[in-house]
Amino acid sequence: MNDSEKPLLRPGRAGTWVAVLLAVTVLTWLVVGVATALGGWIGWLVAAVPIVVFIALPFSLYWLSEGRTGPSWVALIFTIALLVTAVAVPGDRYMRAAGTPVTATVADVSCSYENRSGRCLYDYTLRGPDGRTLPGAFQDTVEYPPGSSLSVVADPRGVIAPRLAADLETTWIFDLATLVAFAGFAATVVLAAVLGERRRRELAATAGERAPVRKTGGGSGAKRGSGRKKRGR
């Protein structure tokens, strides 16, 4: 069998690879979501490697589908959508479940980043009703002057920065997008596995037909034996 006719994966292993690939996808999605929810450069630094792994996952379908590139590009579209939702969904769900609604007051505001159009990303220092500073760096592109009141949800553990209560009311859109994207990614992986397994079986059948048939040495031995008998006579 030529190298071009050898399967990229062993036949019968497609189901295992599908399970592993989907498990790694879910795990990486969660790691990216948790790391980015922590915020700051440390959180993004932790998320850097999982993001690279996450983007590379669709290209493993090249081996799973036995050399087809179509499934990889289709899966990449769903992967990018999942990457976007990973930045929002895990942190938002945590804040909806464990966060505490607070009417905060803007104590200080500063422009941490300004783009070419002059739009700023503002860093806020928020204080709770008791006058204490809420932990975490609250950021927004909208400027709220000092003394403004904001309805936010604060993390009682102080791990995740406060988030606007209004933003958490519309996160169901990202939840739905996550389900659709993951379903599309899973369907593409399964389709790639089915196409690849079909191709591997075809290659195995072709290899079986081309395998040479070995002749046993019984016939030649019998002839030599009969020759000895004739000479003995």
For Asp140, what residues pass the salt bridge (charged side-chain N to carboxylate O under 4.0 Å, His left out) criterion, not counting sequence neighbours? none

Under the rule for salt bridge (charged side-chain N to carboxylate O under 4.0 Å, His left out), what residues qualify as partners of Arg127, not counting sequence neighbours?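 Partners of Arg127 under the salt bridge (charged side-chain N to carboxylate O under 4.0 Å, His left out) test: none.
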
Side chain to side chain, [X] and [Y], heavy atoms closer than 4.5 Å:
{"X": "Val18", "Y": "Leu22", "result": "yes"}
{"X": "Leu83", "Y": "Ile51", "result": "yes"}
{"X": "Cys120", "Y": "Thr141", "result": "no"}
{"X": "Trp63", "Y": "Arg68", "result": "no"}

Show the nearest heavy-atom pair for residues Ser72 and Leu61, with the distance to one decimal.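 Smallest heavy-atom distance, with atoms named: OG-CB, 3.7 Å.
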
Run the side-chain donor-acceptor check on residues 102-111: report pairs under 3.5 Å with partners two or more places apart or on a different chain.
none

Just do the side-chain contact (heavy atoms from CB on, under 4.5 Å) check on Asp175 and Leu179 with the steps written out, would you? CA-CA 6 Å; Asp175 294 342; Leu179 294 176; 5.8 Å; no

Between Trp73 and Phe59, is the gap from one ring center to the other below 6.0 Å?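 Yes, the ring of Trp73 comes within the 6.0 Å limit of the ring of Phe59, centre to centre.
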
Ion pair Arg163/Asp155, N-O distance below 4.0 Å: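 Answer for the salt bridge query: no.
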
Test your reading of the model: is there a side-chain donor-acceptor pair from Thr28 to the backbone of Thr25, 3.5 Å cut-off?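 Between the backbone of Thr25 and the side chain of Thr28 there is no qualifying donor-acceptor contact (under 3.5 Å).
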
Go through the steps for Thr85 and Trp29 under the test side chain to side chain donor-acceptor pair (under 3.5 Å), then give the verdict. CA-CA 9 Å; Thr85 61; Trp29 183 85; 3.3 Å; yes

Counting only heavy atoms not in Arg96, do more than 12 sit closer than 6.0 Å to its CZ atom?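 Yes, CZ of Arg96 has more than 12 neighbouring heavy atoms, counting only those of other groups under 6.0 Å.
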
Would you please test Trp44 and Leu38 for side-chain contact (heavy atoms from CB on, under 4.5 Å) and show each step? CA-CA 8 Å; Trp44 284 101; Leu38 296 176; over 6 Å; no

Over 60° means perpendicular and under 30° means parallel, so tell me whether Tyr124 and Phe138 are parallel, tilted or perpendicular.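 Plane angle between 30° and 60°, so tilted.
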
